[in-house]
**Q** 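Right, I'll just put the structure down here and ask away after.
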Amino acid sequence: MSSTLSFEVFPPNTQVGANKLFKTLKELQQLQPDFISVTCSNNRQTIEETTLKVADYIHNELKVPTIAHLPAVYLNQAQLDGLVKQLDAIGINQILALRGDILPELPPEKDFHYASDLIDYVKKEAPHFHISGACYPEVHPESLSRVEDIKNLKKKVSVGCEQLITQLFFDNELFYHFQEACYLADIKVPILAGIMPIVNRNQALRLIKTTQTKLPRKFLAILEKYEHDPVALKEAGLAYAIDQIVDLTTQDVAGIHLYTMNNAEVAKHIYHNTKNVLHGQVKAG
């Protein structure tokens, strides 16, 4: 059984970043991904100019299937209606529904408290939309327990979520335990594994500081041994991600969703070292 391969990109804050992103996207197009997803910021004023603009380019110029991220807590009903209509108008009928990180300096809207609220609303208003949702192999940071987390996930699926994409993780065993918990809860939608290759020291330090994901001994040993050798750290980080992907595809994972950090070189390296494993037969390109 083949596994899908998809990429995530984020809209940059600067023109230089934008130029780099559009160059990156052209290179990602050559890898023939199953889709590219575009993240959103919590700045509700800019979703049209950031997420939708990039998604429009990917879908209509590059002809690659596209998923737009939408944050529930920072959209009111009128804004969501407008975004759904705009997506429809440009031919994009796929979204990733997120709750969104709640920022102290930015009060949330009141119409949609959770991703499941947004999913339920969109499915009723635009049933032709295909909706993905986020999930956490290590339990959502704000959940009291795995049981509560799985219940919330089941609610997402029951109101119309058709695919789940995990947050990044570095221990495949955690993913397998999570997958089994979903199966036992009768959550039968595809679960795509979110993989982020760690290729530089700053990225690694930021990860350790900001994420609650478990870092296995093997991964920590790489960071420690090659902390001051950027070339070796990049090589080892890419090898670690490839090893994760090979293991996951051997276990028939539904798909790999690569957090590219807008880096085409990293995505190409991963693709060329896993394409036969992912697809069984090589795609052209």
**Q** With the side chain counted from C-beta on, respond yes when Val159 and Lys123 share a heavy-atom pair under 4.5 Å apart, and no when they do not.
**A** no
**Q** If you count heavy atoms of other groups shown closer than 6.0 angstrom to NZ of Lys110, is the number above 12?
**A** no
**Q** For the residue pair Phe170 and Tyr240, categorise the inter-ring angle as parallel (less than 30°), tilted (30 to 60°) or perpendicular (more than 60°).
**A**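 Phe170 vs Tyr240 ring planes: tilted.
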**Q** Kindly compute the distance separating CG (Leu80) from CD1 (Ile47), expressed to the nearest 0.5 Å.
**A**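 The CG atom of Leu80 sits 9.5 Å away from the CD1 atom of Ile47.
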**Q** Crowded around Lys53 NZ? As in, over 12 foreign heavy atoms under 6.0 Å?
**A**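 Open.
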**Q** Would you mind reporting whether Phe219 and Asp171 have side-chain heavy atoms less than 4.5 Å apart?
**A**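 They are not in contact (no side-chain heavy atoms under 4.5 Å apart), so the answer is no.
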**Q** Quick check: does any side chain N or O of His128 sit under 3.5 Å from a backbone N or O of Asn93, one acting as donor and the other as acceptor?
**A** no
**Q** Is the number of heavy atoms from other residues, nucleotides or ligands within 6.0 Å of CZ (Phe22) greater than 12?
**A**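 For Phe22, atom CZ is crowded (more than 12 foreign heavy atoms under 6.0 Å).
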**Q** Please say whether more than 12 non-hydrogen atoms of neighbouring residues, nucleotides or ligands are located less than 6.0 Å from CD in Glu235.
**A**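 No, not enclosed.
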**Q** Between His257 and Tyr259 (judged by ring centroids, cut-off 6.0 Å), do the two rings come close enough to count as a pair?
**A** yes
**Q** Test your reading of the model: is there a side-chain donor-acceptor pair from Thr260 to the backbone of Phe7, 3.5 Å cut-off?
**A** no
**Q** Regarding Lys214 and Glu173, does a basic nitrogen lie under 4.0 Å from an acidic carboxylate oxygen?
**A** no
**Q** Go through Tyr183 and Lys188 one step at a time and tell me if the side chain to side chain contact (heavy atoms under 4.5 Å, CB included) criterion holds.
**A** CA-CA 6 Å; Tyr183 182 81; Lys188 301 290 176 67; 3.6 Å; yes
**Q** Any side-chain heavy atom of Thr24 sitting closer than 4.5 Å to one from Asn263?
**A**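 SC-SC contact between Thr24 and Asn263 ruled out.
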**Q** Using only atom types and a distance under 3.5 Å, with no angle test, would you say the side chain of Gln29 pairs donor to acceptor with the backbone of Lys63?
**A** no
**Q** So do Leu248 and Tyr176 actually touch side chain to side chain, heavy atoms under 4.5 Å?
**A**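 Sidechains of Leu248 and Tyr176: in contact.
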**Q** Flag yes if Phe169 and Val246 sit in one hydrophobic cluster, no otherwise; membership is Ile, Leu, Val, Met, Phe, Trp, Tyr, and two members link when side-chain heavy atoms are under 4.5 Å apart.
**A** yes
**Q** Which distance, rounded to the nearest 0.5 Å, do you find between the CG of Leu258 and the CG of Leu168?
**A**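 So the gap between those two atoms works out to 11.0 Å.
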**Q** So do the side chains of Ser6 and Leu192 get within less than 4.5 Å of each other, counting heavy atoms only?
**A**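 Yes, their side chains come closer than 4.5 Å.
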**Q** Examine Leu215 and Met261 and state if one hydrophobic cluster contains both, with Ile, Leu, Val, Met, Phe, Trp and Tyr joined whenever side-chain heavy atoms are less than 4.5 Å apart.
**A** yes
**Q** For the pair Asn60 (side chain) and Ile90 (backbone), establish whether a donor and an acceptor sit closer than 3.5 Å, ignoring hydrogens and angles.
**A**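 Yes: the side chain of Asn60 pairs with the backbone of Ile90.
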**Q** With a 4.5 Å limit on heavy-atom distance, are the side chains of Pro65 and Asp34 in contact?
**A** no
**Q** Drop me the distance from Cys182's SG to Lys154's NZ, to the nearest 0.5 angstrom.
**A**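 NZ of Lys154 is found 10.0 Å from SG of Cys182.
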**Q** Check Pro33 against Ile36 and note the closest heavy-atom contact, atom names and distance.
**A**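 The answer is CG-CG1, 3.9 Å.
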**Q** How far does CG of Leu233 sit from CG of Leu223, to the nearest 0.5 angstrom?
**A** 6.5 Å
**Q** Quick one: does Thr274's side chain have a donor or acceptor within less than 3.5 Å of a partner on Val277's backbone?
**A**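 Not at all, since once roles are kept as given, no pair shorter than 3.5 Å links the two residues.
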**Q** Any non-hydrogen side-chain atom of Leu153 less than 4.5 Å from a side-chain atom of Phe178?
**A** yes
**Q** Pair Tyr121, Leu118 - check side chain to side chain contact (heavy atoms under 4.5 Å, CB included), show working.
**A** CA-CA 5 Å; Tyr121 182 82; Leu118 188 147; 5.8 Å; no
**Q** Got a second to check how far Arg99's CZ is from Asp117's CG, nearest 0.5 Å?
**A** 11.5 Å
**Q** Count the heavy atoms of every other residue, nucleotide or ligand shown that sit under 6.0 Å from OH of Tyr226, and state whether that count exceeds 12.
**A** no
**Q** Under the salt bridge (charged side-chain N to carboxylate O under 4.0 Å, His left out) rule, what pairs show up with a residue in residues 259-268, not counting sequence neighbours?
**A** Glu27-Lys268, Lys234-Glu265
**Q** Using the side chain to side chain contact (heavy atoms under 4.5 Å, CB included) rule, take Tyr74 and Leu103 through it: C-alpha gap first, then chi angles, then the decisive distance, then the call.
**A** CA-CA 10 Å; Tyr74 285 112; Leu103 306 175; 3.9 Å; yes
**Q** Quick one: does any side-chain atom of Asp111 pair with a main-chain N or O of Gln77 as donor and acceptor, under 3.5 Å?
**A**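 Indeed, once roles are kept as given, a pair shorter than 3.5 Å links the two residues.
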**Q** Could you pull out the closest heavy-atom pair between Thr249 and Ser3, with the gap in Å?
**A**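 Here Thr249 and Ser3 meet closest at CG2-OG, 3.7 Å.
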**Q** Can you check whether His130's main-chain N or O pairs, donor with acceptor, with Gln163's side chain at less than 3.5 Å?
**A** no
**Q** Hydrophobic cluster membership, with links at side-chain heavy-atom distances under 4.5 Å among I/L/V/M/F/W/Y: are Ile131 and Tyr136 in one?
**A** no
**Q** Is Tyr114 reachable from Leu75 through a run of hydrophobic residues whose side-chain heavy atoms are each under 4.5 Å from the next?
**A** no
**Q** Does a side-chain N-to-carboxylate-O contact under 4.0 Å join Asp120 and Lys124?
**A**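 Counted as a salt bridge, because a side-chain N and a carboxylate O are separated by less than 4.0 Å.
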**Q** Say you draw a straight line from CG of Asp243 to CG of Asn273; how long is it, rounded to the nearest 0.5 Å?
**A**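 If we round to the nearest 0.5 Å, Asp243:CG and Asn273:CG are 12.0 Å apart.
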**Q** Which atoms form the tightest heavy-atom contact between Ala254 and Pro190, and what is the distance?
**A**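 That closest heavy-atom pairing would be CB-CB, 4.0 Å.
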**Q** Are the side chains of Lys156 and Ile187 in contact, using a 4.5 Å heavy-atom criterion?
**A** no
**Q** Before giving the answer on side chain to side chain contact (heavy atoms under 4.5 Å, CB included), spell out for Phe129 and Val122 the whole-Å C-alpha distance, their side-chain angles and the decisive distance to 0.1 Å.
**A** CA-CA 8 Å; Phe129 267 64; Val122 172; 4.1 Å; yes
**Q** What residues, two or more places apart in sequence or in another chain, satisfy side-chain hydrogen bond (donor to acceptor under 3.5 Å, both in side chains) together with Gln15?
**A**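 Once residues adjacent in sequence are excluded, the partners of Gln15 under the side-chain hydrogen bond (donor to acceptor under 3.5 Å, both in side chains) criterion are Asn19.
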**Q** Grouping I, L, V, M, F, W and Y whenever their side-chain heavy atoms are under 4.5 Å apart, do Ile222 and Leu220 come out in a common cluster?
**A** yes
**Q** Please check this pair: side chain of Thr51 against backbone of Thr39, looking for a donor-acceptor N/O pair closer than 3.5 Å.
**A**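 The answer is yes, because a donor-acceptor pair under 3.5 Å joins these two groups.
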**Q** Under a 3.5 Å distance rule, please check whether Asn262 uses its side chain to pair with a backbone N or O of Val9 as donor and acceptor.
**A** no
**Q** Quick check: closest heavy atoms across Ala241 and Ile270, and the distance to 0.1 Å?
**A**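 Smallest interatomic distance, heavy atoms only, reads CB-CD1, 3.9 Å.
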**Q** Nearest heavy-atom pair of His113 and Val73: which atoms, and what distance?
**A** O-CG1, 3.4 Å
**Q** For a side chain to side chain donor-acceptor pair (under 3.5 Å) check, start with the C-alpha distance between Thr213 and Gln167, then their side-chain angles and the critical distance, and finish with the verdict.
**A** CA-CA 9 Å; Thr213 190; Gln167 292 293 329; over 6 Å; no
**Q** Over all heavy atoms of both residues, which pair between Leu28 and Ala264 is shortest? Give the atoms and the distance, please.
**A**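 That would be CD2-CA, 4.3 Å.
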